[in-house]
> 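Dumping the structure here so I can ask a few things about it.
Residue numbers start from 1 in every chain, and the chains themselves are labelled A, B, ... in the order their sequence lines are given, proteins ahead of strands. Computed from heavy atoms alone, side chains included, the values below leave out hydrogens, waters and symmetry copies.
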Amino acid sequence: MKYNPILKSFFQLPTLELAQALLGKLLVKETEDGLTSGWIVETEAYIGPEDRAAHSYGNRRTKRTEVMFGPAGITYTYVMHTHCLVNVVSGPIDQPEAVLIRAVEPKDGLELMYQRRNNVKRDLDLTNGPGKLTKALGITMEDYGHSLTDLPLYIAEGNVITDISKGTRVGIDNSGEAKDYPWRFWMTGNPYLSRKGKS
DNA sequence: GGGAAGATTTCCT
DNA sequence: GGAAATCTTCCCG
């Protein structure tokens, strides 16, 4: 199973459009253990300067958010608690915008995913959450700042999705008015959405 | 250098 | 449904 990374120009879309365009694309990670991949089924947009929920709110530039100010199409990995979350940086340089990948649908390397995630019985539970999919695909801080058009972690062309739902984001109740922005996108009716994405 | 917060997951009652 | 788990970065002193 081999894929070609998507063209770099794909990431030049405005963040809100990119968040929707990413749905149906293939997220691929290659390691020495093998290849794992999944269709992206749920995303969230984070528009730095005007988004209180974003790490880069008010153009707050730190070592952690540094990569969000970089060019579109690179990976922004972030560790919280025990888990790792993965974003796709978007927007032009010096504009801290990104798209959080919240859920994917497993495609290749199912065995490897089960191996990485203990006690999982169903395909449905492998990647239906931001922290879950990173563990299943083996995404870590090693991938921080890495381009998504190059191995070992990249986006590949996928299906065209026409049925897209949108709504408010999750887990940012302390972010004031920003919590009401409808910047979460998902594939309507897909069973691999994150827990809170099924509302 | 220390304390606090955070875009989550999992287990237990 | 609630609370704990557990780690990196940030901010203040």
Side-chain angles (χ1 to χ4, degrees), chain A residues 15-16 18-20 22-23 27 36 38 40-70 72 74-91 95-106 113-146 148 153 165-187 191-199:
Chain A
T15 300
L16 289 177
L18 181 64
Q20 297 172 72
L22 277 171
L23 294 175
L27 181 66
T36 48
I40 296 172
V41 296
E42 186 178 354
T43 60
E44 274 181 17
Y46 283 88
I47 312 284
E50 41 185 289
D51 184 358
R52 276 194 61 179
H55 290 156
S56 52
Y57 173 61
N59 282 317
R60 202 163 51 117
R61 184 172 192 152
T62 66
K63 189 178 177 186
R64 181 175 58 164
T65 59
E66 178 68 31
V67 69
M68 288 181 79
F69 292 82
I74 59 180
T75 318
Y76 171 37
T77 47
Y78 169 72
V79 180
M80 81 167 279
H81 293 79
T82 318
H83 310 282
C84 194
L85 288 70
V86 54
N87 300 250
V88 178
V89 176
S90 62
Q95 222 159 299
E97 304 180 1
V99 177
L100 169 69
I101 298 178
R102 291 191 54 84
V104 304
E105 175 181 337
M113 294 190 199
Y114 275 109
Q115 193 176 313
R116 286 170 178 155
R117 304 207 355 88
N118 267 342
N119 298 327
V120 171
K121 299 281 188 291
R122 310 176 302 162
D123 293 359
L124 281 176
D125 295 320
L126 278 174
T127 57
N128 61 339
K132 296 179 182 179
L133 75 92
T134 54
K135 190 172 181 187
L137 294 188
I139 297 170
T140 68
M141 288 305 287
E142 301 274 308
D143 298 300
Y144 180 89
H146 203 281
L148 282 164
L153 177 67
S165 298
K166 63 183 169 184
T168 54
R169 293 171 295 175
V170 171
I172 54 172
D173 291 343
N174 59 342
S175 299
E177 70 282 351
K179 75 181 196 305
D180 295 323
Y181 295 173
W183 287 351
R184 182 160 61 88
F185 305 97
W186 67 91
M187 221 181 276
Y192 294 90
L193 301 173
S194 69
R195 185 175 39 154
K196 293 177 182 174
K198 293 172 187 167
S199 63

> A:K135 has an atom NZ; how far is it from atom C1' of C:dT6, in whole Å?
13 Å
> What's the closest nucleotide to the A:R60 side chain, out of B:dA7, C:dC10, C:dT6?
C:dC10
> So what's C:dT6 paired with, Watson-Crick or G-U wobble, going by both distances under 3.5 Å?
none
> Looking at A:E142, I want to see if its CD is surrounded by more than 12 non-hydrogen atoms of other residues, nucleotides or ligands under 6.0 Å.
no
> Between A:M141 and A:H83, name the one whose nearest nucleotide on DNA chain C is closer to the 5' end.
A:H83
> Roughly how many Å is it from CE in A:M80 to C1' in C:dA4, rounded to a whole number?
13 Å
> Have a look at A:Y76 and say if it touches a base, only the backbone sugar-phosphate, or nothing, with a 4.0 Å heavy-atom cut-off.
base
> Distance check needed: B:dT9 P versus A:R116 CZ, whole Å only.
17 Å
> So among A:L126, A:T127, A:V86, A:N128, which one has a side-chain contact (heavy atoms from CB on, under 4.5 Å) with A:V104?
A:T127
> Would you kindly give the OH-to-C1' distance between A:Y144 and C:dT8, to the nearest whole Å?
12 Å
> Can you identify which nucleotide, out of B:dT10, C:dC10, B:dA7, has its nearest atom closest to the A:K132 side chain?
B:dT10
> Between A:H55 (NE2) and B:dA4 (C1'), how many Å, whole number?
14 Å
> Given B:dG6, C:dC10, B:dT10, which nucleotide is nearest the side-chain atoms of A:K63?
C:dC10
> Just to confirm, is there a sub-4.0 Å distance from OP1 or OP2 of C:dC10 to any side-chain nitrogen or oxygen of A:T62?
yes
> State, to 0.1 Å, how close A:T77 and A:C84 come at their nearest heavy-atom pair, and which atoms those are.
CB-SG, 4.3 Å
> Using the side-chain heavy atoms of A:R117, tell me which of these nucleotides is nearest: C:dC10, B:dT10, B:dT8.
B:dT10
> What is the separation between atom CZ on A:R64 and atom P on C:dC7, rounded to the nearest whole Å?
16 Å
> Look up atom CD1 in A:I101 and atom OG in A:S194, then write down how far apart they are to the nearest 0.5 Å.
13.0 Å
